[in-house]
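Since this is a predicted model, take the numbers as computed values, not measurements.
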Amino acid sequence: MLSENLQLLRKIKGYSQEYVAEKIGVARQTIAKWENDESIPDIINSNKLAELYEVSLDDLVKSQTDELEIQQMAPNGKYIFGIATLGEKGQIVIPAKARRIFGLNPGDELMVLGDEMQGLALLKADFFLEVIEEMKKEK
């Protein structure tokens, strides 16, 4: 999995093995060995690779290749968290990574917005109310 992720991320970014090696301070052959699953990078080099490829260390090591492909399609600061299942009563379980990144905790209130053509959006209720107040002040 790690070797596949290293190959995929390098190709998505359009980097050569030489470029990656230079950026993280190893030989090109080392990059080739990591990508061919002949050896693995230590934690320091893994962290450098994650930073270079703009992914989390966790995603670099654990994600399936198809998950990384999807994540790399999103611009910086934008995320694709995967699929959430709608329960019988309309409840949605927000993926743990999304809750962590956006600081969502049990009991937080979310505003649900919808557009028949675009879909649904969830916003923290306090943020939404602040925006409404600002709009009122501008009028």
Side-chain angles (χ1 to χ4, degrees):
M1 185 175 352
L2 174 60
S3 61
E4 293 171 359
N5 291 347
L6 292 172
Q7 285 181 43
L8 173 69
L9 290 165
R10 183 176 56 77
K11 289 176 182 176
I12 287 172
K13 295 291 186 179
Y15 299 156
S16 66
Q17 287 182 340
E18 291 84 6
Y19 177 82
V20 174
E22 181 182 312
K23 283 293 186 186
I24 66 167
V26 298
R28 188 211 53 85
Q29 292 85 350
T30 303
I31 302 298
K33 285 181 180 181
W34 293 341
E35 290 184 2
N36 291 323
D37 208 17
E38 295 173 20
S39 67
I40 59 171
D42 62 20
I43 191 70
I44 293 169
N45 285 321
S46 294
N47 192 52
K48 289 178 182 179
L49 288 163
E51 288 178 4
L52 178 66
Y53 294 137
E54 300 179 88
V55 296
S56 71
L57 185 56
D58 194 48
D59 285 339
L60 179 71
V61 175
K62 292 183 180 178
S63 290
Q64 296 293 334
T65 302
D66 58 336
E67 290 175 28
L68 281 174
E69 287 178 286
I70 290 170
Q71 291 172 13
Q72 290 299 310
M73 290 188 291
N76 286 340
K78 309 290 184 197
Y79 303 90
I80 299 173
F81 293 108
I83 297 170
T85 303
L86 189 63
E88 287 181 30
K89 296 182 179 180
Q91 67 273 33
I92 298 172
V93 176
I94 298 172
K97 185 174 180 181
R99 293 191 312 265
R100 192 171 47 254
I101 288 172
F102 292 101
L104 299 174
N105 297 299
D108 285 353
E109 293 182 324
L110 301 175
M111 179 64 70
V112 179
L113 305 175
D115 179 305
E116 290 181 4
M117 300 301 288
Q118 300 294 321
L120 296 172
L122 299 174
L123 301 172
K124 283 188 171 183
D126 56 348
F127 171 78
F128 181 77
L129 295 173
E130 287 174 22
V131 170
I132 296 298
E133 288 301 316
E134 289 296 318
M135 290 172 66
K136 286 180 183 177
K137 290 177 185 176
E138 292 176 6
K139 287 186 176 182

(request) Compare all side-chain heavy atoms of Trp34 with those of Ser39 and state whether any distance is below 4.5 angstrom. (result) yes
(request) Nearest 0.5 Å please: distance from the CD atom of Glu130 over to the CD atom of Glu134. (result) 8.0 Å
(message) Test salt bridge (charged side-chain N to carboxylate O under 4.0 Å, His left out) on Glu51 and Lys48; report intermediate values, then the result.
(response) CA-CA 5 Å; Glu51 288 178 4; Lys48 289 178 182 179; over 6 Å; no
(request) Locate the shortest heavy-atom distance separating Asn45 from Ile24; write the atom from each residue and the value. (result) OD1-O, 4.0 Å
(message) Are there over 12 heavy-atom neighbours, none belonging to Ile40, within less than 6.0 Å of that residue's CD1?
(response) no
(request) Starting at CD1 of Ile31, measure out to CZ of Arg10 and round the result to the nearest 0.5 Å. (result) 8.5 Å
(request) Answer whether the closest heavy-atom distance between the side chains of Phe102 and Ile94 falls below 4.5 Å. (result) no
(message) If I compare all heavy atoms of Glu35 with all of Ser3, which pair ends up nearest, and what's the gap?
(response) O-CB, 3.4 Å
(request) Give me the one residue out of Leu6, Asp59, Asn5, Ile12 that meets side-chain contact (heavy atoms from CB on, under 4.5 Å) with Tyr53. (result) Leu6
(request) Enter the distance from Ile132:CD1 to Met111:CE here, rounded to the nearest 0.5 Å. (result) 7.5 Å
(request) Could you tell me which non-hydrogen atom of Gly103 sits nearest to which non-hydrogen atom of Lys124, and how far apart they are? (result) O-NZ, 3.4 Å
(request) To the nearest 0.5 Å, tell me how far Gln17 CD sits from Thr30 OG1. (result) 10.0 Å
(message) Main chain of Leu104, side chain of Arg99: is a donor-acceptor contact present, judged purely on distance under 3.5 Å?
(response) no
(request) Give the minimum heavy-atom separation between Leu60 and Ser46, together with the two atoms involved. (result) CD2-O, 3.4 Å
(message) Return the CG to CD1 distance between Leu120 and Ile92, rounded to the nearest 0.5 Å.
(response) 7.0 Å
(request) Step through the shown structure and confirm whether more than 12 heavy atoms of other residues, nucleotides or ligands are within 6.0 Å of CD on Glu18. (result) yes
(request) Find the distance between CG (Leu49) and CG (Leu9) and round it off to the nearest 0.5 Å. (result) 9.0 Å
(message) I want to check something: taking the side chain as every heavy atom from C-beta on, are Val112 and Leu122 in contact at a cut-off of under 4.5 Å?
(response) yes
(request) May I ask you to decide whether Glu133 forms a salt bridge with Lys136, counting only side-chain N to carboxylate O separations under 4.0 Å? (result) yes
(message) For the CD atom on Gln91, are there more than 12 heavy atoms of other groups (residues, nucleotides or ligands in this structure) within a distance under 6.0 Å?
(response) yes
(request) Determine yes or no for a side-chain-to-main-chain donor-acceptor pair under 3.5 angstrom, with Asp42 supplying the side chain and Ile44 the backbone. (result) yes
